[in-house]
There are 2 protein chains.
Amino acid sequence: MTAKKQNNGSTEAQIKEAARRVFTSKGFAATRTRDIAEESGVNLALINYYFRSKENLYNIIMVEQVQLFLHSVSGILNDPHTTLFTKLELAIDHYIDMLIDNPGLPIFVMNEVNNNPEKLVERVGFSNHNAGQLYIAKQWAEMTFSGEIQPIHPIHLISNVVSLTVFPFIAAPLLRNRSGLSVTEYNELMKQRKALIPHWISTILTTPGPDTQNNKQS
Amino acid sequence: MTAKKQNNGSTEAQIKEAARRVFTSKGFAATRTRDIAEESGVNLALINYYFRSKENLYNIIMVEQVQLFLHSVSGILNDPHTTLFTKLELAIDHYIDMLIDNPGLPIFVMNEVNNNPEKLVERVGFSNHNAGQLYIAKQWAEMTFSGEIQPIHPIHLISNVVSLTVFPFIAAPLLRNRSGLSVTEYNELMKQRKALIPHWISTILTTPGPDTQNNKQS
DNA sequence: GTTAATTTTAATCAAATGATTAAATAAGTT
DNA sequence: AACTTATTTAATCATTTGATTAAAATTAAC
């Protein structure tokens with residue numbers, strides 16, 4: 001809570017960085033503008049002077065954080081020169097590094113996703129980040145057609161990759177508490193997952209599904 | 001937001017049920033005691049009359065919800081008469097049904113886990129719900145020793161099962177929006193996962209790990 | 001160096017909010 | 001019915017909180 005990190009930029013940047021820290025850790029409703037003022041070591045009135053309102057400041061931070069969370073791997077997934085599995089490896093590697101650096105990011109974004117889905121869609125440019133138009137989607141379709149990988153509903157595939165990568169960070173405080181692992185030890189396990197998750201996904205994609213016909217594409 | 005569900009119990013029960021709905025959907029900080037009064041169709045002062053304070057009421061709700069989320073499958077996982085894979089199937093089946101009925105539960109609990117881990121551990125009886133002492137843990141150890149399943153760090157295994165089961169509900173509003181699926185269609189996919197997740201976990205557990213030695217037990 | 005514009009500060013405002021109170025109503029007891 | 005206890009209500013309180021203001025301090029312009 002005591003920071004006043006000498007954010008060697010302008011006052012505006014100091015406020016914004018402090019706001020990012022406070023908003024992402026406590027959420028909009030629990031954050032007081034006075035918290036941000038204190039965290040940035042700046043007079044309360046300057047928050048309104050530079051950002052007009054708490055809500056406006058929050059929206060700026062929120063959009064940036066959602067972009068960071070959702071769009072940071074689109075380059076990797078859209079590269080025409082790598083295989084599907086290489087893309088998965090690179091994207092998961094990048095994601096786990098980012099999550100170790102920003103452990104509060106997923107829960108922040110997921111709260112926004114759950115509480116204000118409309119606002120989120122409205123304020124964040126989703127247009128060009130349509131999963132179905134990425135190069136990896138084309139590769140997946142071709143590999144499915146050729147029989148290289150088993151058919152699977154794309155929502156299941158995406159859910160699996162994102163779940164296995166992101167959820168352990170959301171549940172980290174609980175899993176650490178139950179297992180007695182330190183932050184460092186837990187993060188080491190997360191780094192192991194950089195290799196494990198692609199392997200597990202590959203295993204899932206190359207092993208025929210269960211007897212029921214549920215895993216057919218619709 | 002307009003409910004006043006004629007909760008045919010006492011005023012106290014009406015307030016509690018309304019509080020559960022409001023707290024789980026908006027969280028503690030964003031909830032006004034007046035919201036709860038309106039949602040339960042009851043005079044504002046009765047909240048303090050029956051529950052002393054907003055915080056006290058929240059703690060009651062929170063503990064109940066966390067218990068529901070964390071302890072609802074311990075019976076299944078501790079049954080000495082079922083196999084490990086049967087336990088997985090039953091637990092995941094039960095969980096997915098519960099999550100379809102309570103889609104806001106995971107994000108509520110995960111927020112508490114992330115914001116007040118100490119309070120949560122203090123107020124929720126964790127003592128008897130130590131994963132390592134459940135019957136399923138014994139079975140897992142035996143099957144690993146006998147070579148029936150591949151060695152894997154228990155945190156990875158638990159993470160995988162819970163991630164694959166729970167996260168798609170946390171990300172549901174986003175995934176529905178991106179895919180254009182309705183709530184019903186999306187829930188159908190979730191029901192498919194009752195069979196798919198056990199199958200995927202089984203596949204993971206019976207396929208040798210990647211070349212790196214990361215998946216050895218420590 | 002003087003003036004104008006920008007930034008910072010302390011004080012203050014109005015609305016929101018959790019909680020309390022005293023009176024009114026309902027329920028229970030004899 | 002008479003009396004006591006429990007519940008409900010409208011009004012009110014004291015804080016908190018987002019925002020504003022006017023003056024002071026600093027920086028920029030000429």
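In what follows, every chain begins at residue 1, and chains take the letters A, B, ... in the order their sequences are listed.
With rounding to the nearest 0.5 Å, the separation of NZ in B:K16 from OH in B:Y50 is 14.0 Å. For the atom pair A:L174 CG and B:M110 CE, the distance stands at 6.0 Å (nearest 0.5 Å). Atom CZ of B:F167 is separated from atom CG of A:N160 by 11.5 Å, given to the nearest 0.5 angstrom.
When A:N115, A:N114, A:N116 are each tested for a side chain to side chain contact (heavy atoms under 4.5 Å, CB included) with A:E112, only one passes: A:N116.
Taking atom CG of residue A:L44 and atom C1' of nucleotide C:dT12, one finds them 12 Å apart after rounding to whole Å. Straight-line distance from the CG atom of B:D35 to the P atom of C:dA16: 13 Å, rounded to whole Å. One interatomic measurement links the two molecules: OH of B:Y49 to P of D:dT7, which rounds to 4 Å at whole-angstrom precision. Atom CG of A:L46 is separated from atom P of C:dT6 by 16 Å (rounded to the nearest Å). In this structure, CG of A:N43 is placed 13 Å from C1' of C:dT12, rounded to the nearest angstrom. The CG-C1' distance, from A:N48 to C:dT8, rounds to 14 Å in whole Å. Between the P atom of C:dA10 and the CZ atom of A:R34 lies a distance of 14 Å, rounded to the nearest Å. Distance B:Q14 CD to D:dT8 P: 9 Å, rounded to the nearest Å.
Between B:K119 and B:E122 there is no salt bridge, since none of the side-chain N atoms of the basic residue sits less than 4.0 Å from a carboxylate O of the acidic one.
At the heavy-atom level, A:Y50 lies under 4.0 Å from the strands shown only through sugar-phosphate atoms. In this structure, B:I47 reaches neither bases nor backbone, as no heavy-atom distance under 4.0 Å exists between it and the strands shown.
Interface remark: the A:R32 side chain does not form any donor-acceptor pair with the D:dG18 base, using a distance-only criterion of under 3.5 Å.
Close to C:dG18, at under 4.0 Å from its OP1 or OP2, lies no side-chain N or O of B:S53. The side chain of B:T33 contributes no N or O atom lying less than 4.0 Å from OP1 or OP2 of C:dT17.
Among the nucleotides C:dT9, D:dG18, C:dG18, the one closest to any side-chain atom of A:A45 is C:dT9.
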